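Working notes, beginning with the structure itself.
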Amino acid sequence: MKKLLSIALVLMLALGCAVGCTTTEPDDTSTPTTDDPGDDPGTDIDASGLTIALSSQHLTNDFNRGILAGVTAMCNELGCRLITANAQGDSNQQVADIENFLTMEVDAVIIGGGEGPAFASIMQRMANEGIPCITVDITSEYSTCNVTSDNFNGGEQLGLYVTNKLAGVGNILALDTPGWHSLEIRLRMLDTVIMDYPNLNVVQTISIGTQDAVVNYYNEVKAYLQGNPDIDCIYCSWGLAAVGASQALRELGMQDEIFVVCTDADQVVLEEMRQADSPLTAVVGQYPDRLGSSAVTMAVAAALGQSIPREVYAPIILIEKTDPNAWFSAPAIMTPDEAWSVLYPDA
């Protein structure tokens, strides 16, 4: 119990090779890129001699790059060796990367997001071999611990925002990417909210992979709206989808007719939102570096034989373009400029 309590305290502080494998050695000067000055995750845990592996599905957005930054900083803080691999959006390659990690006899593996079902077999193997597997945004019976933002609350908040902004009447176009459990939750929470409003309808869901996402969502949304203009809101399960959708609306001259909401406050998302003519009005922002640092904390604890929770939640930020007090109920509510200063203080 004392071990569990000590890890819980560390976690609270942290939260407040196939293709592309690299290794890093501890560097005491490294710190998480977006933590507040008071969020020092200092700990007396000795992780020297441990090797932690991180499998990234891709590094094309700030969310995934933030996870990598948080993982790197916490490995430096705890003194463990880090091995990383970037699958560049290819799930088969990501599985191969993880298999390669196992040949290196790593002490724990972090799967930094991806198409959850693709990892069932390799995660079962790790479970059978007693190798801790910490997932980010992936729920699985074989995950030792899943570290995730509160996608339930975030999806609910965006759903309530859409409901109120449309006054309970309108057509919604949903944009998604297949296989990501966290994205499925966000869309499911939208359905949960609007089920009590018979005049609100999700008329179509467009699902596209992560590769070249902005361009592909732009093309798909533009083509869809040219044939189906009777849309009032575009609900995006992640950030790059919202950027592509906003660009399509602006080109079609529909930015004043249709508004966009999404999860993920990437820099490119906030840059889009800050434009005067942007249709992107509400965003659920996350702290990806805290997800990464928490994943390392859990991986090290599990590798040392300590008890850890099955799921860990990081906080969210609710960002509204013109009226940050409108309709949101969660305490962390910001304008785009405020969110930028918190998430990207050095940018």
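Numbers here simply count residues along the sequence, with the first being 1. Here the structure is a predicted model, which is why all the values come from computation and not from measurement.
Side chains of T177 and Y217: a donor-acceptor N/O pair is present below 3.5 angstrom, by distance only. Looking at S56 and N86, their side chains never bring a donor and an acceptor atom within 3.5 Å of each other. With no hydrogens or angles considered, no side-chain donor-acceptor pair links N216 and N219 at under 3.5 Å. With 3.5 Å as the limit, one finds no donor-acceptor pair spanning the side chains of N128 and Q124.
Rounded to the nearest 0.5 Å, atoms CD (Q157) and CD (E320) are 12.5 Å apart. One distance of note links CG of L183 with SG of C236; it measures 10.5 Å at 0.5 Å rounding. Considering CG of D191 and CE of M189, their distance stands at 10.0 Å, rounded to 0.5 Å. If you take OG1 on T51 and CE on M104, they are separated by 10.0 Å, rounding to the nearest 0.5 Å. One distance of note links SG of C262 with OH of Y235; it measures 10.0 Å at 0.5 Å rounding. To the nearest 0.5 Å, atom CG of residue N171 and atom CD1 of residue I234 are 12.0 Å apart.
Residue L291 comes nearest to A314 through the heavy atom pair CD2-CB, 3.5 Å, listed as atom of the first residue, atom of the second, then distance. Contact detail for Q57 and Q94: the closest heavy-atom pair is CG-OE1, 2.8 Å.
Electrostatic pairing of E184 and R188 does not count as a salt bridge here, judged by no charged N lying under 4.0 Å from a carboxylate O.
At least one side-chain heavy atom of F152 sits under 4.5 Å from a side-chain heavy atom of Y313. Using a 4.5 Å heavy-atom threshold, the side chains of L158 and R186 count as separate. Within the 4.5 Å cutoff, no side-chain heavy atoms of R310 are placed close to those of N146. Annotation: side chain of I122 is not in contact with side chain of Y142 (no heavy-atom distance under 4.5 Å). Residues I110 and V136 meet the side-chain proximity criterion, which asks for heavy atoms closer than 4.5 Å. Looking at heavy atoms from C-beta onward, S55 lies in side-chain contact with F101 at the 4.5 angstrom threshold. Contact check for F63 versus Q286: side-chain heavy atoms found under the 4.5 Å cut-off.
Judged as a ring pair (Phe, Tyr, Trp, His ring centres under 6.0 Å), and not counting sequence neighbours, the contacts of W340 are Y344.
Checking side-chain atoms of N151 against main-chain N and O of S149 turns up a donor-acceptor pair under 3.5 Å. At least one donor-acceptor pair closer than 3.5 Å links the side chain of S341 to the backbone N or O of E338. Side-chain atoms of S278 come within 3.5 Å of backbone N or O of E272 as a donor-acceptor pair.
Under the 4.5 Å side-chain heavy-atom criterion for ILVMFWY residues, no single connected hydrophobic cluster contains both V261 and Y218.
Heavy-atom neighbours of Q226 CD from other residues, nucleotides or ligands within 6.0 Å: above the threshold of 12.
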